[in-house]
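To keep things clear, I will list the structure first and then write my remarks on it.
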Amino acid sequence: MAQRKKFIAHYCCYLFFQSAALQQASHQIADLIFGGFLVVLGLILFIYDLEMGLFPFGKSMAHAFACKGSAPWLLAFAFALGFSTAIAEPALITIA
């Protein structure tokens with residue numbers, strides 16, 4: 001729900017800029033609203049897919065890896081996970 005509120009606020013600012021600053025025609029604004037709806041629907045389905053498929057897989061993999069008890073491999077995995085998260089951070093801000 002919080003993600004939807006954030007997106008709606010950004011989208012309203014975008015629509016205001018399109019209509020006030022660029023003075024787009026009304027039929028183009030209708031296309032923008034429809035396109036925005038499709039974007040929101042795509043993001044909702046993407047996040048739903050992550051919660052249903054990828055997150056449980058990651059949790060089970062991390063739990064199994066931590067149960068093995070090999071400290072060097074666990075630290076290497078933690079470093080790789082942290083590094084990849086830092087690289088992917090700009091993309092994660094979009095869906096957060």
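Sequential numbering from 1 along the given sequence is applied to the chain's residues. Worth saying up front: this structure is predicted, and the values here are computed from it rather than measured.
- The CZ atom of F79 sits 10.0 Å away from atom OG of S84, with the distance rounded to the nearest 0.5 Å.
- Both F46 and L54 are assigned to one and the same hydrophobic cluster, defined by single-linkage of ILVMFWY side chains at heavy-atom distances under 4.5 Å.
- Separating the CD atom in E51 from the CG atom in D49 is a distance of 10.0 Å, to the nearest 0.5 Å.
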